[in-house]
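Atoms within a ligand are numbered from 1 in the order they appear, just like the ligands themselves.
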Amino acid sequence: MTDRRRILNHLNDLLQSDRIRDYCPNGLQVQGREQVAHIVTGVTANQALIDAAIERGADTLLVHHGYFWKGEDACITGIKRERLKALLQHDINLFAYHLPLDVHPTLGNNAQLANVLELSMDGPINSADPSMPGNVGRLPQPMTGREFSQWIAERLQRPPLHIGEDNDVIETVAWCTGGAQGYLQAAIDAGVDAYITGEINEPAVHLARETGTHFYSAGHHATERYGAKALGEHLAAEFGVTVEFIDVDNPV
Ligand SMILES: [Zn+2]
């Protein structure tokens, strides 16, 4: 068991959350009990994850996607009310780290996706703006478009949507977890063979095809499963608290 404040200070230091501009607050979003003994980690603080945390008797939730996004309705109604009510009734802390968890060099979503896919981390996706999330690197060995698709499917347990020629050889790659289809141009500018992110949109298909850049839409949830999990394992080692990762599946 440890103090909530110690966890908060540790996470803020580790993730340097006050240095990163984001469209949600990072850190303790909802205050629960002071003593932390049992943390549930997950991708998104949805109702299913809250219910699972309550069922397991957890006192703290740690997620990548929390609440209070810039531009959203500030009123506590609908599903937001239900989620907050459940957290407050059960005195559960909600810690959420969005961009700070994407970019952490070892525990972050991008670093962890590189681990899972066995990609080397050779630099930022945008060398002119290293604060932009995303990285460039190399595959463990050259693969065809189809082989790399299978490689991703096996490791993320989800087949990606692949835009590109099945028989082209891919050696270099850029990636950014989540909904980073807008960074495809940065990947093209970096001169890589392929780009991996979670989601895809209609214009990205044309941009990929017309530049000959392979696009792998590998799932927003599937690509962002690993940061919160790694961060939780780190906290378990650091503070001796019980930590369990709960994967509430999301097909997108
Ligand atoms: Zn995300």
Side-chain angles (χ1 to χ4, degrees), residues 11 14-17 19-30 40-50 52-53 61-73 79-80 83 94-117 119 121 124-126 129 131-135 152 155-161 173-187 195-201 204 215-234 245-252:
L11 288 174
L14 179 72
L15 301 174
Q16 303 199 307
S17 51
R19 292 203 193 172
I20 296 171
R21 256 205 290 154
D22 208 337
Y23 17 97
C24 64
N26 288 294
L28 183 65
Q29 288 194 337
V30 180
V40 162
T41 59
V43 178
T44 301
N46 55 34
Q47 192 67 51
L49 187 69
I50 296 167
L61 260 180
L62 170 63
V63 299
H64 178 51
H65 300 139
Y67 306 148
F68 315 121
W69 299 91
K70 214 173 261 180
E72 80 175 21
D73 186 346
I79 64 167
K80 193 198 258 181
R83 291 169 170 187
L94 173 65
F95 288 102
Y97 290 91
H98 181 239
L99 290 181
L101 185 56
D102 283 323
V103 302
H104 187 272
T106 56
L107 300 172
N109 282 320
N110 285 309
Q112 289 293 319
L113 184 66
N115 274 356
V116 171
L117 297 179
L119 310 172
M121 295 252 289
I125 189 170
N126 183 348
D129 178 11
S131 69
M132 190 170 143
N135 295 84
I152 294 169
R155 278 154 186 82
L156 300 186
Q157 292 109 48
R158 176 191 183 283
L161 175 66
V173 64
W175 66 95
C176 184
T177 61
Q181 56 271 43
Y183 290 0
L184 173 58
Q185 186 62 52
Y195 178 58
I196 307 167
T197 187
E199 298 185 41
I200 189 164
N201 56 11
F215 193 118
Y216 293 91
S217 167
H220 189 136
H221 177 89
T223 57
E224 294 199 322
R225 245 189 232 132
Y226 305 99
K229 187 167 186 285
L231 191 57
E233 286 161 8
H234 168 84
F245 175 76
I246 297 179
D247 193 24
V248 177
D249 187 49
N250 184 329
V252 171

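- Residues D102 and N109 bring a donor and an acceptor atom of their side chains to less than 3.5 Å of each other.
- Closest to the Zn ion (ligand 1) among the N, O or S atoms of E224 is OE1.
- Using a 4.5 Å heavy-atom cutoff, the side chains of T223 and L156 are in contact.
- Closest approach between the Zn ion (ligand 1) and any N/O/S atom of H220 involves NE2.
- The shortest distance between side-chain heavy atoms of V248 and T44 does not fall below 4.5 Å.
- The line from CG of L14 to NE2 of H234 is 4.5 Å long, rounded to the nearest 0.5 Å.
- Of all N/O/S atoms in H65, NE2 sits nearest the Zn ion (ligand 1).
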